[in-house]
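A short worksheet on the structure shown next.
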Amino acid sequence: IGLGHAYTSHRTKIDLVLEYLAGLDPEQPLLFVDGYDTVFLTGPQEMEAKFAAFGAEIVFSAEQNLLVSEGGWSRLRIWWHYPETRRPYRFANSGTYAGLAGRLAALWRAQDLDRIEQQNCDQSAINRHYRSHPDALVLDVHQELFAVTAGRTGLEAEDYEVRDGRLRSTLTGSWPCVLHCPGKNYIGLEKLIEPLPFASGSSVPSAEQAGKYRASRWRNRMSART
């Protein structure tokens, strides 16, 4: 969805999702993933089975970073009252999630869409919502459905391995169904999918991509260690 539409902010994404959800049966299970930095590691049958195993109506992926806009004090306030979950994947990521269509529509309608537009950050809204309503959704802290690398750039070789042609999390022992490398981390994405059976050659990163990866790797290694 959204191909060919003008993309002014992440509010655009939510509007398009709500428009799409309106045409579905409210009980229809749905998987949402961001485009371009997401790879499917298995088929829909395993995805549906793992979603059902959560016994939840909404499951969001989880990452190491807490993304909340409006400055450090706002982030600290959310972090202080955030539900305690397994480390390092404690915080909601809005780039990959699954749920029943009706429940997902209600979740996004409950958010301040104008605020999302102003901040250009739908993930802030979800983290705020989960802080205040921990029963509204479940976080995939074991990466059963979603492997998300945000906050751990440069740690790909420590966090994952390829075993029997499949990506496995060495931190949780899980076999994720979807790999998501946010923040335009195409170098990290390439490192993880290159050994997989379906990979078809490697790409050469631009100088800008390489520079951003090095800077992010340094910051992320520091935060991961502390």
Side-chain angles (χ1 to χ4, degrees), residues 32-34 37-39 41 47 50-51 53-99 107 121-163 166-185 187-189 191-192 213-226:
F32 173 90
V33 301
D34 278 352
D37 55 6
T38 305
V39 174
L41 304 172
M47 295 179 192
K50 286 187 173 178
F51 171 67
F54 279 97
E57 294 179 323
I58 299 176
V59 177
F60 266 72
S61 59
E63 63 171 72
Q64 179 172 281
N65 286 345
L66 171 62
L67 182 56
V68 178
S69 302
E70 299 180 357
W73 175 244
S74 177
R75 183 177 302 197
L76 180 62
R77 191 167 60 248
I78 300 296
W79 175 84
W80 189 260
H81 297 285
Y82 207 83
E84 185 63 40
T85 52
R86 173 178 172 143
R87 298 171 186 268
Y89 307 116
R90 283 194 59 201
F91 305 107
N93 175 278
S94 64
T96 41
Y97 56 84
L107 175 69
C121 190
D122 52 321
Q123 192 159 306
S124 291
I126 290 300
N127 275 306
R128 283 193 171 88
H129 191 82
Y130 182 64
R131 185 276 310 263
S132 301
H133 305 88
D135 296 331
L137 55 95
V138 170
L139 294 186
D140 184 10
V141 297
H142 294 281
Q143 296 203 344
E144 298 290 345
L145 263 173
F146 308 110
V148 182
T149 64
R152 300 188 65 83
T153 301
L155 298 172
E156 293 89 359
E158 297 181 31
D159 292 352
Y160 302 97
E161 65 177 353
V162 174
R163 184 184 295 183
R166 181 78 180 268
L167 192 70
R168 176 181 178 271
S169 169
T170 56
L171 296 182
T172 68
S174 65
W175 304 82
C177 300
V178 178
L179 171 64
H180 178 44
C181 295
K184 295 182 171 58
N185 181 14
I187 294 179
L189 183 68
K191 286 176 180 289
L192 290 171
Y213 182 79
R214 286 193 297 270
S216 181
R217 180 177 59 189
W218 183 84
R219 291 194 306 269
N220 286 185
R221 280 184 175 274
M222 291 289 291
S223 63
R225 297 293 185 260
T226 57

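Only heavy atoms go into these numbers, but all of them, side chains included; no hydrogens, no water, no symmetry mates.
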Could you give me the CA-CA distance, side-chain angles and deciding distance for Y130 and Y82, then say whether ring-ring contact (aromatic ring centres under 6.0 Å, His included) is met?
-> CA-CA 8 Å; Y130 182 64; Y82 207 83; 5.4 Å; yes
Worksheet item: Can you find a heavy atom in the side chain of Y97 that is under 4.5 Å from one in the side chain of L137?
Response: no
With sequence neighbours left out, the residues meeting ring pair (Phe, Tyr, Trp, His ring centres under 6.0 Å) with Y160 are none
Do the non-hydrogen side-chain atoms of F91 and N65 ever get within less than 4.5 Å of each other?
-> no
Testing the 3.5 Å rule here: is there a donor-acceptor pair between the side chains of E63 and Q143?
no
Output for pair (F54 CZ, E144 CD), nearest 0.5 Å, gives 6.0 Å
L107 side chain reached by I58 side chain, heavy atoms, under 4.5 Å:
yes
| message | Please determine whether side chain to side chain contact (heavy atoms under 4.5 Å, CB included) holds for the pair W218 and T153, giving the CA-CA distance in whole Å, both sets of side-chain angles, and the decisive distance to 0.1 Å. | response | CA-CA 8 Å; W218 183 84; T153 301; over 6 Å; no
So CD of Q123 and OG of S69: to nearest 0.5 Å the spacing works out to 9.5 Å
* Asked: So, does S61 use its side chain to make a donor-acceptor pair with the main chain of N93 at under 3.5 Å?
  -> yes
Are D122 and S94 close enough that a side-chain donor and a side-chain acceptor fall under 3.5 Å?
yes
#### Entry: 4.5 Å side-chain heavy-atom contact, S216 and N185
no
Less than 4.5 Å apart, side chain to side chain, heavy atoms only: is that true for K191 and Y213? yes
Check step by step if side chain to side chain contact (heavy atoms under 4.5 Å, CB included) holds for D159 and T149.
CA-CA 9 Å; D159 292 352; T149 64; over 6 Å; no
Applying salt bridge (Lys or Arg N to Asp or Glu O under 4.0 Å) to E57 and not counting sequence neighbours gives R103
All heavy atoms of F146 vs all of A98, minimum pair found to be CZ-N, 3.9 Å
Report task. List the steps, then state whether side chain to side chain contact (heavy atoms under 4.5 Å, CB included) holds for L66 with N127. Result -> CA-CA 8 Å; L66 171 62; N127 275 306; 3.8 Å; yes
task: With the side chain counted from C-beta on, respond yes when D37 and K184 share a heavy-atom pair under 4.5 Å apart, and no when they do not.
output: no
To the nearest 0.5 Å, atom CZ of R221 lies from atom CG of L155 at 5.0 Å
Heavy-atom check, side chain of R152 versus side chain of P88, under 4.5 Å:
yes
Do T172 and H142 pass the side-chain hydrogen bond (donor to acceptor under 3.5 Å, both in side chains) test, and can you show the C-alpha distance, the side-chain angles, and the key distance before you say yes or no? CA-CA 6 Å; T172 68; H142 294 281; 5.6 Å; no
Contact between I126 and F60 at the side-chain level, heavy atoms closer than 4.5 Å - yes or no?
yes
Residues V148 and A62: closest non-hydrogen pair is CB-O, 3.6 Å
Do R225 and E158 sit within salt-bridge range, that is, some charged N less than 4.0 Å from a carboxylate O?
yes
Kindly say whether N220 contributes a backbone atom to a donor-acceptor pair with the side chain of S223 at under 3.5 angstrom?
yes
Report task. May I ask you to decide if G154's main-chain N or O and E156's side chain share a donor-acceptor pair within less than 3.5 Å? Result -> yes
Ion pair present between E161 and R168, side-chain N to carboxylate O less than 4.0 angstrom?
yes
Next on the checklist: Check this for me: W175, atom CH2, are more than 12 non-hydrogen atoms of other residues, nucleotides or ligands nearer than 6.0 Å?
Outcome noted: yes
Note: R166 and P176 closest approach over all heavy atoms is NH2-O, 3.1 Å
Do side-chain atoms of H129 reach the backbone of A125 as a donor and acceptor pair under 3.5 angstrom?
no
Which of L145, V33, L179 passes side-chain contact (heavy atoms from CB on, under 4.5 Å) with T96? Answer is V33
- Message: Before you tell me yes or no, could you show the steps for I78 and R128 under side chain to side chain contact (heavy atoms under 4.5 Å, CB included), namely the whole-Å CA-CA distance, both residues' side-chain angles and the distance that decides it to 0.1 Å?
- Response: CA-CA 7 Å; I78 300 296; R128 283 193 171 88; 3.8 Å; yes
